[in-house]
Amino acid sequence: MGENYIKFLGTAGARFVMIKQLRSSAGLWVSYEGANLLIDPGPGCIVRCNLSRPKMDPGKLDGILLTHRHLDHSNDINVMIEAMTEGGFKKRGVVFLPKDAIVKDPVILKHLRNAAEDIVILKANKKYRLKAIEFQAPCRQEHSVETYGLRFNFPGCDVAKKVSLISDTRYFEGLKSLYKADVIILNVVFYDERPEIEHLSLSGARKLISEIKPKAAVITHFGMSMLKNKPAMIAKSLSEELGIRVIAAYDGMKFDLN
């Protein structure tokens, strides 16, 4: 039913890269066996969908997922729900998000809360299905708001049968067993460790890649310090050091799941 891929609409991490739009903050688009899921539509998502070549049509989305409610992950949730539902006139799609993003500090406007077919609260270790896309949120991550990573099951893919997305979190020991997969995607904000801020640094990413030993690792969600040190060069160095293919995502990159 077409291509199976993950499209990196944006690779910005942290507030200053987002504010200056040094990288796009538009999130990820997962397409598998004809099902389409948008993850973390931050500022500019609708613009990037329309600028993509070929264009990414939000009217073909089956769902939208927020790993957490911070602006660089959730800012365009309302416009993307409206686009998915064709201006709110066609009730369709499912929205997945943490409880605090709809109860404590709602990110979805009231008039759009009934536009989608359903709003599903993410829970740790629960399995979900969106048409052909199977995934679970292995655990609540160590971040300043309720945050979940994701582990996808793509049985129809030859190489990337299991793909993990490690969203914003500080490094902790349980990550390696929870996110073991053929391909791992890591949000790496800092070049140097910042223990006081709950984000992965390069050292944490290096440790996870060496512990999980995936077939490939993709680093993304870069903060200023990562951009200054050139993610492509960092990925090349990690590949040589660890003997594992490490890719630095760039805006518009399509990762072929086959």
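Quick caveat, the model's predicted, so the values are computed rather than measured.
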Lys/Arg cation over aromatic Phe154: Lys161, 6.0 Å, 45° cone: no

Mutual orientation of the aromatic rings belonging to His143 and His70 [parallel < 30°, tilted 30-60°, perpendicular > 60°]: perpendicular

Parallel, tilted or perpendicular, as decided by the 30° and 60° cut-offs, for the rings of Phe96 and Phe135: perpendicular

With no hydrogens and no angle check, just 3.5 Å: does a side-chain donor-acceptor pair link [X] and [Y]?
X: Arg23; Y: Thr11; result: yes
X: Asp72; Y: Ser25; result: no
X: Glu193; Y: Ser203; result: yes
X: His73; Y: Asp168; result: yes

Grab the two heavy atoms, one from [X] and one from [Y], that are nearest each other, plus how far apart they are.
X: Met253; Y: Ile247; answer: SD-CG2, 3.9 Å
X: Cys139; Y: Phe172; answer: SG-CZ, 3.9 Å
X: Pro41; Y: Met80; answer: CB-CG, 3.9 Å
X: Pro43; Y: Asp76; answer: CA-OD1, 4.0 Å
X: Cys49; Y: Trp29; answer: SG-CZ3, 4.0 Å
X: Leu186; Y: Ala217; answer: CD1-CB, 4.2 Å

So [Y] and [X], do their side chains get closer than 4.5 Å, heavy atoms only?
X: Asn258; Y: Val159; value: no
X: His199; Y: Tyr171; value: no
X: His111; Y: Arg113; value: no

Co-members of the apolar cluster containing Val189 [side chain, <4.5 Å]: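 Phe190, Ile197, listed by chain and number.
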
Greater than 12 external heavy atoms within 6.0 Å of Arg129's CZ: yes

Enclosure of Lys91 NZ (heavy-atom neighbours >12, cutoff 6.0 Å):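 Yes - once you tally the heavy atoms of other residues, nucleotides and ligands closer than 6.0 Å, there are more than 12.
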
Ignoring hydrogens and geometry, is there a side-chain-to-backbone donor-acceptor pair from [X] to [Y] under 3.5 Å?
X: Asn36; Y: Lys60; answer: yes
X: Lys213; Y: Ser210; answer: yes
X: Thr147; Y: Gln141; answer: no

Result of checking Leu97, Asn75, Asn78, Ile102 against Val107 for side chain to side chain contact (heavy atoms under 4.5 Å, CB included):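 With Val107 as partner, side chain to side chain contact (heavy atoms under 4.5 Å, CB included) holds for just one option, Leu97.
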
Test log, rule side-chain contact (heavy atoms from CB on, under 4.5 Å), inputs Val30 and Ile133: CA-CA 9 Å; Val30 179; Ile133 298 176; 4.3 Å; yes

Verdict with supporting geometry, Glu3 and Asp256, side-chain contact (heavy atoms from CB on, under 4.5 Å): CA-CA 8 Å; Glu3 293 180 275; Asp256 187 350; 5.9 Å; no

Candidate pair Asp192 and Leu202, rule side-chain contact (heavy atoms from CB on, under 4.5 Å), full reasoning: CA-CA 7 Å; Asp192 297 309; Leu202 178 57; over 6 Å; no

Residues Val163, Ile6; criterion side-chain contact (heavy atoms from CB on, under 4.5 Å); working and verdict: CA-CA 10 Å; Val163 177; Ile6 297 174; 4.1 Å; yes

Ring pair (Phe, Tyr, Trp, His ring centres under 6.0 Å) between Phe152 and Tyr32, intermediate numbers included: CA-CA 11 Å; Phe152 292 93; Tyr32 177 69; 9.5 Å; no

